[in-house]
Amino acid sequence: MSSPATPLLRIPAGVVVERRKADSPWIDFVWRGIGVLPDEPEMKPWTLLREQDETAIYYAGSATVDLYRSETERYRDNLASGSPSIWVVLSPSEGAWPYAVLAATADPAEGEAFTIAGVNLVEAVPMPEVFREAIEKFIGEHHVEREFVKRKLGRADPEALARRHREGGHE
């Protein structure tokens with residue numbers, strides 16, 4: 001039995017990014033994730049795949065899409081959305097390239113959580129069919145329906161503050 005923090009399935013992926021000439025006096029280029037490739041391609045990170053006009057497409061590096069038993073409902077919602085996505089996360093880098101591949105995920109909530117830092121580039125890119133099939137199979141094997149239980153909040157007692165006594169006998 002694995003712990004909740006251990007992924008039960010790891011799907012290798014190659015991350016593809018686009019660099020487009022910016023129409024801005026403050027920055028030269030706009031970077032964004034545009035896709036994921038099944039498996040890890042046999043090429044070095046930041047290999048130029050295509051260049052046309054003022055746009056370049058690069059293989060930026062590899063990541064794994066980790067699947068957890070506890071998140072099957074989110075994966076199912078992602079697949080049912082009509083446009084299943086993988087969230088690609090690029091983090092600012094001090095190296096030769098301005099960004100490094102930080103993560104790739106099929107969990108929409110996790111993808112959104114990566115935006116909280118405010119410095120990461122996070123893009124929802126189309127999910128390749130081979131990923132969709134693997135995730136559907138994972139959901140079929142590990143999903144457990146959980147009954148929704150609405151929590152009941154205790155009612156506030158408006159008299160509670162009036163009954164509080166202060167030290168020294170003053171009220």
Side-chain angles (χ1 to χ4, degrees), residues 2 4-24 26-143:
S2 58
T6 303
L8 295 179
L9 180 63
R10 303 189 87 189
I11 304 171
V15 176
V16 179
V17 300
E18 175 187 79
R19 182 194 73 190
R20 183 178 297 271
K21 178 81 172 130
D23 185 20
S24 167
W26 296 282
I27 60 171
D28 295 329
F29 299 103
V30 175
W31 294 85
R32 68 185 187 103
I34 61 168
V36 289
L37 305 170
D39 296 319
E40 295 179 36
E42 292 192 20
M43 60 182 89
K44 292 182 179 183
W46 296 105
T47 298
L48 179 65
L49 300 177
R50 183 177 63 214
E51 193 167 19
Q52 185 176 4
D53 300 324
E54 295 183 333
T55 302
I57 308 293
Y58 294 91
Y59 163 67
S62 63
T64 58
V65 176
D66 294 340
L67 301 181
Y68 300 86
R69 177 182 292 130
S70 61
E71 306 307 326
T72 56
E73 188 169 349
R74 292 183 190 160
Y75 306 144
R76 188 176 64 182
D77 291 346
N78 182 4
L79 295 180
S81 71
S83 57
S85 299
I86 298 293
W87 282 260
V88 172
V89 184
L90 302 172
S91 178
S93 172
E94 300 275 332
W97 294 93
Y99 293 96
V101 175
L102 180 61
T105 181
D107 179 349
E110 184 180 13
E112 182 180 346
F114 278 111
T115 66
I116 292 172
V119 295
N120 296 327
L121 296 181
V122 181
E123 295 286 339
V125 301
M127 180 185 293
E129 184 65 20
V130 68
F131 284 56
R132 189 190 60 73
E133 290 170 359
I135 293 169
E136 278 182 344
K137 183 177 177 191
F138 183 85
I139 293 168
E141 293 173 0
H142 299 286
H143 182 70

Task: Separation of D77 CG from E71 CD (nearest 0.5 Å) - done: 11.0 Å
- [ ] Using a 4.5 Å cut-off on heavy atoms from C-beta on, say whether the side chain of T105 contacts that of I86.
- [x] no
Task: Close side-chain approach of W87 to D107, heavy-atom, < 4.5 Å - done: no
Task: Closest heavy-atom pair and its distance - R69, F138 - done: N-CZ, 3.8 Å
Open item on the list: Between Y99 and Y58, is there a side-chain heavy-atom distance shorter than 4.5 Å?
Closed with: no
- [ ] Give a yes or no answer on whether the side chain of S81 reaches the backbone of S83 with a donor-acceptor pair at less than 3.5 Å.
- [x] yes
Open item on the list: Could you report the tightest heavy-atom contact between Y59 and K44, atom names first, then the distance?
Closed with: CD2-O, 3.4 Å
Open item on the list: Please determine whether the number of non-hydrogen atoms from other residues, nucleotides or ligands lying under 6.0 Å from atom CD of E112 exceeds 12.
Closed with: no
Open item on the list: Counting C-beta onward and ignoring hydrogens, is there a side-chain heavy-atom pair between I11 and I135 closer than 4.5 Å?
Closed with: yes
Open item on the list: Within the structure provided, determine whether E18 and R50 are in side-chain contact (heavy-atom separation under 4.5 Å).
Closed with: no
Task: Any donor-acceptor pair under 3.5 Å from N120 side chain to V89 backbone - done: no
Open item on the list: Looking at E129, I want to see if its CD is surrounded by more than 12 non-hydrogen atoms of other residues, nucleotides or ligands under 6.0 Å.
Closed with: yes
TODO: Check step by step if side-chain hydrogen bond (donor to acceptor under 3.5 Å, both in side chains) holds for D66 and T64.
DONE: CA-CA 6 Å; D66 294 340; T64 58; 3.1 Å; yes
Task: Min side-chain heavy-atom separation D53-K21 under 4.5 Å - done: no
Open item on the list: One thing to verify: whether K137 and E133 come together as a salt bridge, which I'm taking to mean a side-chain N less than 4.0 angstrom from a carboxylate O.
Closed with: no
Open item on the list: I want to check something: taking the side chain as every heavy atom from C-beta on, are I139 and L79 in contact at a cut-off of under 4.5 Å?
Closed with: yes
Open item on the list: Nearest 0.5 Å, please: how far is CG in L48 from CE in M43?
Closed with: 10.5 Å
TODO: List the steps, then state whether side-chain contact (heavy atoms from CB on, under 4.5 Å) holds for E141 with L8.
DONE: CA-CA 11 Å; E141 293 173 0; L8 295 179; over 6 Å; no
Task: Any L37 side-chain heavy atom under 4.5 Å of P128 side chain - done: no
Open item on the list: Ignoring hydrogens, what is the shortest heavy-atom contact between G111 and V122? Give both atom names and the distance.
Closed with: O-CG1, 3.5 Å
Open item on the list: Give me the atom names and distance for the closest heavy-atom approach of E40 to A13.
Closed with: CG-O, 4.3 Å
Open item on the list: How long is the straight-line distance from CZ of R32 back to CD of E123, given to the nearest 0.5 Å?
Closed with: 6.0 Å
Task: For the student: nearest non-hydrogen atoms of A22 and V30, plus distance - done: CB-CG2, 3.8 Å
Open item on the list: Which heavy atom of L90 sits nearest to which heavy atom of G33, and what is that distance?
Closed with: CD1-N, 4.2 Å
Task: Side-chain donor or acceptor of Y75 paired with backbone N/O of Y68 under 3.5 Å - done: yes
